[in-house]
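Inspection log for the structure reproduced underneath, given as structure tokens.
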Amino acid sequence: MAESGGARSAIDNAVASASSTAPAGSNPQSKKWVSAVTSRVSTKWIGGAATVLILGATAAFGGLEAVPEPPLPEIGAGDTFTGAGWEMTPQRAVLIDELNETGVRPKEGERLLVVIMDVTNVDDAARSSSIGKGSLTAIRVEDAPDIEPAVARYDDTTLTPWLQPGVPAQLVLTWAVPASGFSDGDDIRMALPTATEYTGEFFVYGEYWEDEETGAYAALSIEDVGAGVEE
């Protein structure tokens, strides 16, 4: 019986020792496989894969949806928008049969759409109202021909005037439009430009304007003045 008890004790000790060195559920072969794989795969790849999985889950729940851009400003008569180095304040829109001082000659079946606008050059150098990107010729009227307007001073009818910095000027912008395209009391919507000023380097000298796009919209009600502008 003593031997039997000793054998049982030896067996119990062996089992206890095996249990302490090899936890339940462990598999030495699986440990070797994991070690082999991780030793051959870059930790950067593992981190990148985890990032992809996280981004994929985020996108699935709408976390990466594009943020909508805010609407462009909408202004009316007497309101000012500053863009492309100009302060632009639309004042009035008229339909007229002809106005030779603008330099625009309507063809048969056309009339002139004229916008009177207060403009100030807020740049630090004189600028042409009509030459180059970012000029006032970028202004467009919706539902009118997609052409540049003629620009003249309201006070002395100078065409394509240059504006000095900080000196307000009242300008006349003119388009030839189909006679049936607009009527008295119609509202027009103008696209006013914005642009970015750059300083030339290497082969380009001085300042210039690029990245021209619509920065705001202006609404005006049309007055039909027939053959001549009424003051």
Side-chain angles (χ1 to χ4, degrees), residues 69-96 99 101-104 112-177 182 185-200 204-223 225 229-231:
E69 295 185 2
L72 296 178
E74 300 271 355
I75 67 173
D79 297 330
T80 299
F81 171 72
T82 301
W86 308 106
E87 283 185 351
M88 296 168 278
T89 309
Q91 298 290 358
R92 188 180 179 193
V94 300
L95 275 175
I96 189 171
L99 191 63
E101 291 80 2
T102 65
V104 181
L112 300 183
L113 176 61
V114 177
V115 170
I116 300 171
M117 179 182 296
D118 295 337
V119 179
T120 301
N121 172 12
V122 296
D123 201 1
D124 56 5
R127 290 182 63 194
S128 170
S129 62
S130 307
I131 299 174
K133 291 186 177 180
S135 70
L136 299 174
T137 55
I139 295 174
R140 293 291 186 273
V141 175
E142 290 186 356
D143 301 322
D146 185 13
I147 56 176
E148 295 183 353
V151 182
R153 290 185 66 101
Y154 187 80
D155 52 6
D156 61 11
T157 70
T158 299
L159 297 176
T160 62
W162 283 69
L163 301 187
Q164 298 298 322
V167 181
Q170 193 162 69
L171 303 181
V172 177
L173 283 66
T174 305
W175 295 263
V177 298
F182 298 93
D186 286 350
D187 290 329
I188 61 170
R189 190 169 184 250
M190 293 187 300
L192 305 180
T194 187
T196 302
E197 186 177 22
Y198 294 92
T199 299
V204 179
Y205 176 76
E207 285 72 36
Y208 62 97
W209 294 83
E210 288 287 350
D211 304 331
E212 183 181 86
E213 60 185 358
T214 299
Y217 292 99
L220 293 173
S221 183
I222 294 176
E223 303 171 61
V225 297
V229 177
E230 299 174 355
E231 296 294 341

Can you find a heavy atom in the side chain of [X] that is under 4.5 Å from one in the side chain of [Y]?
X: Pro149; Y: Leu136; result: no
X: Trp175; Y: Ile147; result: yes
X: Pro193; Y: Met88; result: yes
X: Pro165; Y: Asp124; result: no
X: Val114; Y: Thr174; result: yes
X: Ile75; Y: Leu192; result: yes

Do you know the tightest heavy-atom contact between [X] and [Y]?
X: Gly215; Y: Pro73; answer: O-CD, 3.2 Å
X: Gly166; Y: Pro168; answer: O-CD, 3.4 Å
X: Pro161; Y: Ser129; answer: O-OG, 2.8 Å
X: Ala152; Y: Leu159; answer: CB-CD2, 3.7 Å

- Going through the distances and angles, do Leu163 and Arg127 end up as a side-chain contact (heavy atoms from CB on, under 4.5 Å)? CA-CA 5 Å; Leu163 301 187; Arg127 290 182 63 194; 5.8 Å; no
- Query: Between Val177 and Leu95, is a side-chain contact (heavy atoms from CB on, under 4.5 Å) present by the stated rule, with each step listed?
  - Reply: CA-CA 9 Å; Val177 298; Leu95 275 175; 4.3 Å; yes
- Query: Who pairs with Ser135 by side-chain hydrogen bond (donor to acceptor under 3.5 Å, both in side chains), at least two apart in sequence or on another chain?
  - Reply: Thr137
- Message: Which residues pass the side-chain hydrogen bond (donor to acceptor under 3.5 Å, both in side chains) test with Glu101, not counting sequence neighbours?
- Response: none
How many angstroms lie between atom [atom1] of [X] and atom [atom2] of [Y], to the nearest 0.5 angstrom?
X: Arg92; Y: Tyr154; atom1: CZ; atom2: OH; value: 6.5 Å
X: Asp79; Y: Gln91; atom1: CG; atom2: CD; value: 9.5 Å
X: Trp209; Y: Thr196; atom1: CH2; atom2: OG1; value: 8.0 Å
X: Ile188; Y: Arg140; atom1: CD1; atom2: CZ; value: 13.5 Å
X: Asp143; Y: Phe182; atom1: CG; atom2: CZ; value: 6.0 Å
X: Phe81; Y: Met190; atom1: CZ; atom2: CE; value: 12.0 Å

- Item | Of Asp118, Thr89, Asp155, the residue whose pairing with Gln170 passes side chain to side chain donor-acceptor pair (under 3.5 Å) | Asp118
- Message: Looking at Thr120 and Val122, would you say the former's side chain and the latter's main chain have a donor-acceptor pair under 3.5 Å?
- Response: no
- Task: Can you run down the salt bridge (charged side-chain N to carboxylate O under 4.0 Å, His left out) pairs that involve residues 211-220, sequence neighbours left out, and say none if there aren't any?
- Result: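 Listed by first then second residue: nothing to list.
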